[in-house]
A.B. asks: 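Structure incoming, see below.
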Amino acid sequence: MQQKRLMNFLDELRWRGLLADISAGMEEHLRQPRCGYLGFDPTAASLHVGNLVPIMLLVHFQRAGHKPIALIGGATALIGDPSGKSDERPLLDRETVEHNQKAIEAQLRRFMDFSNAPNGAVLLNNQAWLSSMKLLDFLRDVGKHSTISYMMSKESVRARMDSGLSFTEFSYQLLQAYDFYYLSQHYGCTVQMGGADQWGNITAGIELSRKLGGPHLYGLTSPLLTRPDGKKFGKSEEGNVWLDARLTSPYRFYQFWINLSDEEAARCLRIFSLLPREEIEMLEQQHRLQPERRIIQEFLAKDLTTRVHSAQEAKRAAHTAAILFGHGLADELRQLKADDFEMIRETLPHGILSRTTLERGLDVIKLAVDETGFLSSRSEARRLLQSQGISVNKTPVTANDMIGVNHLLCDRYLLLQKGKKNYFLVVVE
RNA sequence: GGGGAGAUACCAAAGUGGCCAACUGGGCCUGACUGUAAAUCAGGUGGCUUUACGCCUUCGUAGGUUCGAAUCCUGCUCUCCCCA
């Protein structure tokens, strides 16, 4: 049984569309339980949905019986990885990195089994060995084995030859190469995984180990996930979709998956869900026959919101969505109970309005911009009003409409709306 | 060290004395169609207001010339290219 699962890791990645590049001999190498790592540089205060792809590599690696190391690049984040970036990036200060790595560490812990099992996951930080390393040692031990022509041949470097690349970022690949070598020496780690943009850094490590007389190391990458139109995955209107509930609310997170196009959803199901192949294929078939039911979108929304946040948050988000998008008629809003609104309040952005202000009556612009901050400028509000883009309680309004206590739902709430999908709850106190 | 080119809104890129809040494309927002999809079409995309061919802020930065500057001049900062 164990043996069978071990052999399936690469096949698993293949049919899920998670395999881009793989170094020679990996197939054979993975016939036994191995230790592999994947790094996350704490360059932001949270991971985002794009980071879920590499996380899934580690998850599958562990499920196949191997031992995963999640490496936080606390040291490398101070240097900056040029891979996939068109410009030199400003240095992050130490406090920021410090803060980021704590947050990211907590997020990573949710996805794997960190128990004492033989293949229990391990969390490490490369500051442990890089920050105490002496420059001269590094140049003699690592630098000496790396030729300029080899380093310059990396795609990440070549792409930056015209737009500028500092020595600092140029040297990044050596640090990552050393990480791999170090982990092979101290943790018996022989496999490194990453996104396709990491291939150059990974091979640098394999090469370094070879030069230093270390073990034969192996690398594997997943394709970079893009949207059907070639755009970056994981960006919504507001920018990145974060895993941190304070940056992207569970409701928004849920909505991100619900709003995937049919095409994206099908691909994402294989990549992000842990369902076995047969079940996925069944869902795909239903999806093809009745795309309008959006079975996959809903499954992903529920599944991922649960895994990233909690089952309770997922349920809440689903319930809120059902209310807001269910049939969406003004009359049905009036059927809702105070409890429903209180739950919606937990999930939607909301603002407080004093009853006396409302009693005096407000026009829509005052309400949406000045009193609640739902919209950021009056011009925006005016523009939206001109195209029927603002609704109060599901009813489109105009600039002249006055909003008063008679609009209140359950005598306490107003549901503002910008376009079809952007909701905002006003609570009167 | 020498020579050249450049810095325009979220990005790319026009504009080189008034017709410029600034062409165009992408992105983004809204509307129509729909399934909270895709594609398509339409409108919008600095802010404020008495919505007005009105006002304020914006074309790297600091000054200057001019009735008037993103456009001309000077200093500064940064970027790229070529030669040494």
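Here is how names work: the chains are called A, B, and so on, in the same order as the sequence lines, proteins then strands, and each is numbered from 1. Since the model is a prediction, treat every value here as computed from it, not as a measurement.
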A.B. asks: Send over the distance from A:Glu298 CD to B:G35 P, rounded to a whole Å.
C.D. replies: 15 Å
A.B. asks: How about A:Asp41 and A:Thr76: does a side-chain donor come under 3.5 Å of a side-chain acceptor?
C.D. replies: yes
A.B. asks: Taking C-beta and beyond as the side chain, do A:Gln417 and A:Phe424 meet within less than 4.5 Å on heavy atoms?
C.D. replies: no
A.B. asks: Rounded to whole angstrom units, what separation is found between the CD atom of A:Gln297 and the P atom of B:A38?
C.D. replies: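 Rounded to whole Å, this separation is 10 Å.
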A.B. asks: With sequence neighbours excluded, what pairs up with A:Lys418 under the salt bridge (Lys or Arg N to Asp or Glu O under 4.0 Å) test?
C.D. replies: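 Per chain and number, A:Lys418 pairs via salt bridge (Lys or Arg N to Asp or Glu O under 4.0 Å) with A:Glu380.
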A.B. asks: How far, in whole Å, is B:U57 from B:U49 if one measures between their C1' atoms?
C.D. replies: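 Result for the C1' pair: 15 Å, nearest Å.
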A.B. asks: Tell me if the centroids of the rings in A:Phe374 and A:Tyr423 come within less than 6.0 Å of each other.
C.D. replies: no
A.B. asks: Please work out if A:Glu380 contacts a base, only the sugar-phosphate, or nothing of the nucleic acid, heavy-atom cut-off 4.0 Å.
C.D. replies: nothing
A.B. asks: Taking the same atom, P, in B:U50 and in B:C55, what whole-Å distance lies between them?
C.D. replies: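 Those two atoms are separated by 16 Å.
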A.B. asks: Any sub-3.5 Å donor-acceptor pair from A:Thr372's side-chain atoms to A:Leu367's backbone N or O?
C.D. replies: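 Checking the backbone N and O of A:Leu367 against the side chain of A:Thr372, a donor-acceptor pair under 3.5 Å is found.
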A.B. asks: Does the side chain of A:Arg252 come under 3.5 Å of the side chain of A:Gln255 through a donor N or O and an acceptor N or O?
C.D. replies: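 Result is no, nothing qualifies.
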A.B. asks: Measure CD/A:Glu292 against P/B:U36 and give the value in whole Å, please.
C.D. replies: 10 Å
A.B. asks: If every non-hydrogen atom of A:Thr347 is compared with every non-hydrogen atom of A:Ala317, which pair is closest and at what distance?
C.D. replies: CG2-N, 4.5 Å
A.B. asks: A:Phe272 and A:Trp257: aromatic ring centres closer than 6.0 Å?
C.D. replies: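 They qualify: ring centres under 6.0 Å apart.
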A.B. asks: Considering just the side-chain nitrogens and oxygens of A:Asn422, establish if one lies under 4.0 Å of OP1 or OP2 belonging to B:U30.
C.D. replies: yes
A.B. asks: Whole-Å distance between B:U34 P and A:Lys420 NZ?
C.D. replies: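 From A:Lys420 NZ to B:U34 P: 10 Å.
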A.B. asks: A:Ile295 has an atom CD1; how far is it from atom P of B:A37, in whole Å?
C.D. replies: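 So the two atoms are 17 Å apart, to the nearest Å.
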A.B. asks: How does RNA chain B look in dot-bracket form if you count Watson-Crick and G-U pairs under 3.5 Å, write [ ] for pairs that cross, and put | where a base pairs with another strand?
C.D. replies: ((((((((.[[[..)..(.....]]]((((((.......))))))(((.....)))...[[[[[..)....]]]]]))))))).
A.B. asks: Which of the following nucleotides, B:A38, B:U36, B:C29, is nearest to the side chain of A:Gln255?
C.D. replies: B:U36
A.B. asks: Can you measure from CG (A:Leu408) to CG (A:Leu353) and round to the nearest 0.5 angstrom?
C.D. replies: 8.5 Å
A.B. asks: Is the positively charged end of A:Arg345 above the ring of A:Tyr413, judged by distance under 6.0 angstrom from the centroid and angle within 45° of the axis?
C.D. replies: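 No, A:Arg345 and A:Tyr413 do not form such a contact.
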A.B. asks: Rounding to an integer number of angstrom, what distance separates B:A13 and B:G60 when you compare their P atoms?
C.D. replies: 15 Å
A.B. asks: Which of residues 381-390 of chain A have a heavy atom under 4.0 Å from RNA chain B?
C.D. replies: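 Within this stretch, A:Arg382, A:Arg383, A:Leu384, A:Ser387, A:Gln388, A:Gly389 sit under 4.0 Å of the strand.
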A.B. asks: What nucleic acid atoms does A:Ala265 come within less than 4.0 Å of, heavy atoms only: base, sugar-phosphate, or nothing?
C.D. replies: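 Nothing, no nucleic acid heavy atom in range.
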A.B. asks: How is A:Arg378 classified with respect to the nucleic acid when contacts are heavy atoms under 4.0 Å: base, sugar-phosphate, or nothing?
C.D. replies: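 Sugar-phosphate contact only.
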A.B. asks: I'd like the P distance from B:U71 over to B:G64, given in whole Å.
C.D. replies: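 These two P atoms come out 14 Å apart once rounded.
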A.B. asks: Measure from CD1 on A:Ile258 to P on B:A37 and round the result to the nearest Å.
C.D. replies: 11 Å
A.B. asks: Once you measure the plane-to-plane angle for A:His309 and A:Phe253, does it fall in the parallel (<30°), tilted (30-60°) or perpendicular (>60°) bin?
C.D. replies: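 The arrangement is perpendicular - the two ring planes meet at more than 60°.
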A.B. asks: By nearest nucleotide on RNA chain B, pick out whichever of A:Ser377 and A:Arg293 is the more 5' one.
C.D. replies: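 In this pair, the answer is A:Arg293.
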A.B. asks: Can you measure A:Gln286 atom CD to B:G35 atom C1' for me and round it to whole angstrom units?
C.D. replies: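 Distance, rounded to whole Å: 16 Å.
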A.B. asks: On a whole-Å scale, what distance lies between the P atoms belonging to B:C33 and B:C56?
C.D. replies: 42 Å
A.B. asks: Measure CG/A:Asp262 against P/B:A37 and give the value in whole Å, please.
C.D. replies: 10 Å
A.B. asks: On a whole-Å scale, what distance lies between the C1' atoms belonging to B:C73 and B:G1?
C.D. replies: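 After rounding to an integer number of Å, I get 27 Å for this pair.
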A.B. asks: Is the distance from OP1 or OP2 of B:G31 to the nearest side-chain N or O of A:Lys421 less than 4.0 Å?
C.D. replies: no
A.B. asks: In whole Å, what separates the C1' atom of B:G2 from that of B:G18?
C.D. replies: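 After rounding to an integer number of Å, I get 40 Å for this pair.
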